Amino acid sequence: MKIDFHSNVADKLNYTCRLIRKAYNAGARLVVFDTDTSQLRQLDEALWTLTEAEFLPHVGMDHAYASLTPIIFSAGRLNDSPHFDLLINLSSSVPEHYQQFGRMIEIVSQDQAATLSGRERYRHYQQQGHSLSHYPAK
C-alpha cells in the first residue's frame, strides 16, 4: 500500500479541500476520515464554498447516496465504505481497516502534538512494510 504524508500543513481545512479537489478531478473515489465530527462538518461547509464554479459531490458514510458519491466523509468504521480507492486521514490515529484502501494520504498540521502523532503513525506504517512518501507543505 502507498501512503503519502503531507506534513507541516498550516491551514488543514483549506489544504484538505484542495487535495480533495485534485483527487476528485483525477477520477479518484475517496473517503475522508476523522474521528472529530466537528472537523468533518467544517470540511463539508468548506467544500460547498470552495469555488462558485465548481461542485465537489460529497456525503456522509451513512447517507443513502454514499455508494453513488465519489467523496465520502466518515467518523466511523471504514470497512463499511462503498469504495476503497483513496483514504485521506485527518485523525491523529491509525484508522482501523485502512489496509483495505489502495492508497492513503495522511495530513499532519504544524501543531506539535499533531507532528508527534504523525511520526508515530509513520513508524507504524513503516513497520508494516508500506511504501511511504513525505511531502512537507510549502
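Keep in mind that this is a model prediction, so the values were computed, not measured.
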Subject >> Close aromatic pair by centroid cut-off 6.0 Å: Phe101 and His83 >> reply: no

Subject >> Parallel, tilted or perpendicular: rings of His130 and Tyr125 (30°, 60°) >> reply: perpendicular

**OP:** Could you tell me if the ring centre of Tyr135 sits under 6.0 Å from that of Phe5?
**Re:** no

Subject >> More than 12 heavy atoms of other groups within 6.0 Å of Phe55 CZ >> reply: yes

**OP:** Using the six-membered ring wherever Trp is involved, compare the ring planes of Phe73 and His58 and label them parallel, tilted or perpendicular (cut-offs 30° and 60°).
**Re:** tilted

Original post:
Should Leu13 and Leu43 count as side-chain neighbours, where that means a heavy-atom distance under 4.5 Å?
Top reply: yes

Subject >> Atom pair OG (Ser91) and CD1 (Ile107), whose distance is rounded to the nearest 0.5 Å >> reply: 11.0 Å

**OP:** Measure the spacing between NZ of Lys22 and CG of Leu30 and express it to the nearest 0.5 Å.
**Re:** 13.5 Å

**OP:** Indicate, with yes or no, if the rings of Phe33 and Tyr98 have centres closer together than 6.0 Å.
**Re:** no

**OP:** Give a yes-or-no answer on whether the side chains of Arg119 and Thr115 include a donor-acceptor pair shorter than 3.5 Å.
**Re:** no

**OP:** Look only at the side chain of Arg29 and the backbone of Ser67, and say whether a donor-acceptor pair between them is shorter than 3.5 Å.
**Re:** yes

Original post:
What's the spacing between Leu47 CG and Ile20 CD1 if we round to 0.5 Å?
Top reply: 5.0 Å

Original post:
Above 12 or not: heavy atoms from other molecules or residues under 6.0 Å from CG of Asp62?
Top reply: no

Original post:
Heavy atoms, side chains only, cut-off 4.5 Å: are Ile105 and Leu86 in contact?
Top reply: yes

Original post:
Donor-acceptor pair, Arg21 side chain versus Leu56 backbone, under 3.5 Å?
Top reply: no

Original post:
With a 4.0 Å cut-off, would you call Lys12 and Asp111 a salt bridge?
Top reply: no

Subject >> Expected output: side-chain Asp11 to main-chain Tyr15 donor-acceptor under 3.5 Å >> reply: no

Original post:
Just checking, any donor-acceptor pair under 3.5 angstrom between side chains of Thr69 and His63?
Top reply: no

Original post:
Salt-bridged, Glu96 to Arg77, with N to O below 4.0 Å?
Top reply: no

